[in-house]
Amino acid sequence: MRAGLEAGWKLLSQGHAAIDAVETAIVALEEDPALDAGVGSHLNRDGRVQLDAILMDGMTLKAGAVAALERIRNPIRLARLVLEKSEHMMLVGAGAEQFAAEHGFRLCDPEELITDSAREEWRKSRDKRTAKEATVPQSRGTVGAVAIDTHGNLVAGTSTGGTRGKCPGRVGDSPLIGCGCYADAEAGGISCTGYGEGIMKIVMAKLAADLLRDPRVLPPHRRKRGPATIAQAVADACLRILERRGHATGGLILLDRKGRPAAAYSTPRMAYGYVDADGGFTIVP
Ligand code: ASP
């Protein structure tokens, strides 16, 4: 968490753009094998890693999304390439990897993404005697970042290996615009985690953006007492709706259009942190 925040803050404090900060922070997290993104991601049913990522620019509303990648070590970098160099918003599988290669990306050996512990977890899940043990929730999770720069550019990104033991070809909420990520400079930037099939039902990141834009739709008592900021009330409201309508648990981090942070989760755990405009770090492990 600290490595991601420091990497992003270093760029922002030197005057770089929000997109550089978000990309760099997420690369740091993708490189951490303890997290479910890039190296160390969960394996799917076939014992392969398939990665999804998205980066969205709140000023233009353009996104770059990639899904079901097997040979890209840092999917968030490819998401940025799609955002900046493609007329399209989302590329998947072999086509996305071809686009990457055409732009000089190294296609990695799929084995490079697999850690011993992820392989061991997969083996256990295949063996009837240990399958139960392997379904215990793990601390590894999806990663995301949101940043706003001095020019008011607001960018959000999400990167994931998806759910453990997923069906090959399954794509969750994470790379879907409005589901696992959304950014609108007039509302805020959001990155989500949790049970993708539930998050997709309520289009959670866009829901949060809409609530930020017009918090009058929040239940009145939530605005008067309780959460300290509207941003926090919005994050809390999204999780209640996720539970009630999506029958799922999850979490989200967000910045409103003024850069006020909020985070909430209903999963057993979600580490998060932020850096304020003066460079003060808050980390909630
Ligand atoms: N939301 C991700 C997915 O469903 C998983 C996660 O956030 O842990 O692919």
Side-chain angles (χ1 to χ4, degrees), residues 1 4 22 25-26 29-30 32-46 48-56 63 65-70 72 75-76 78-79 90 92-93 96 113 115 117-118 121-122 125 134-146 156-182 189-208 235 238-239 241-243 245-254 263-272:
M1 182 63 56
V22 170
I26 291 183
L29 300 171
E30 286 176 339
D32 188 333
L35 301 169
D36 181 31
V39 177
S41 288
H42 291 307
L43 305 195
N44 69 9
R45 200 184 62 195
D46 288 355
R48 303 167 81 93
V49 164
Q50 284 191 332
L51 302 172
D52 310 326
I54 180 169
L55 198 59
M56 182 163 178
V66 288
L69 307 174
E70 298 193 359
I72 302 292
I76 199 70
L78 185 55
M90 184 170 203
V92 307
L113 303 169
T115 56
S117 67
E121 193 183 271
W122 180 78
S125 72
T135 58
V136 172
Q138 301 271 315
S139 53
R140 257 182 302 150
T142 294
V143 309
V146 187
T158 305
S159 181
T160 189
T163 46
R164 185 170 42 192
K166 66 187 178 182
C167 178
R170 177 265 187 191
V171 175
D173 63 300
S174 306
L176 302 184
I177 187 167
C179 292
C181 179
Y182 199 75
I190 301 100
S191 177
C192 305
T193 182
Y195 183 57
E197 282 70 9
I199 294 171
M200 284 188 261
K201 285 182 181 168
I202 65 159
V203 195
M204 189 157 86
K206 181 63 161 64
L207 172 67
C238 286
L239 293 182
I241 296 168
L242 179 64
E243 186 185 349
R245 300 294 290 132
H247 304 291
T249 57
L252 67 166
I253 56 169
L254 63 86
Y265 60 96
S266 53
T267 46
R269 190 165 165 241
M270 183 185 85
Y272 63 92

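The residues of the chain are indexed from 1 along the displayed sequence. All heavy atoms count here, side chains included; hydrogens, waters and symmetry mates do not. Order of listing sets the numbers, starting from 1, for every ligand and every atom in it.
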Practice task
Check whether any side-chain N or O of Thr158 sits under 3.5 Å from a backbone N or O of Cys181 as a donor-acceptor pair, and report yes or no.
Solution key: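 The answer is no, because no donor-acceptor pair under 3.5 Å joins these two groups.
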
Handout entry: Side-chain donor or acceptor of Asp52 paired with backbone N/O of Val171 under 3.5 Å
Key =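 Flag not set: sc Asp52 to bb Val171 has no pair under 3.5 Å.
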
Exercise for the section: Taking all heavy atoms of Ala37 and all of Ser159, pick out the closest pair and write down the distance. Expected result: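 Taking every non-hydrogen atom into account, CB-O, 3.5 Å.
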
Handout entry: Exercise: identify the closest heavy-atom pair between Asp46 and Trp122
Key =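 Minimum heavy-atom contact is C-CZ2, 3.8 Å.
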
Practice task
Evaluate the criterion side-chain contact (heavy atoms from CB on, under 4.5 Å) for residue pair Ile253 and Val146; output intermediate values, then yes/no.
Solution key: CA-CA 8 Å; Ile253 56 169; Val146 187; 4.2 Å; yes

Problem - Contact residues of ligand 1 (heavy atom under 4.0 Å), by chain and number - result: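 Shell around ligand 1 (4.0 Å, heavy atoms): Thr142, Gly162, Thr163, Arg170, Asp173, Ser174, Thr193, Gly194, Gly196.
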
Practice task
Apply the side chain to side chain contact (heavy atoms under 4.5 Å, CB included) test between Ile199 and each candidate in Leu242, Leu207, Thr193, Thr249; give the one that qualifies.
Solution key: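 Running side chain to side chain contact (heavy atoms under 4.5 Å, CB included) over Leu242, Leu207, Thr193, Thr249 with Ile199 returns exactly one hit, Leu242.
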
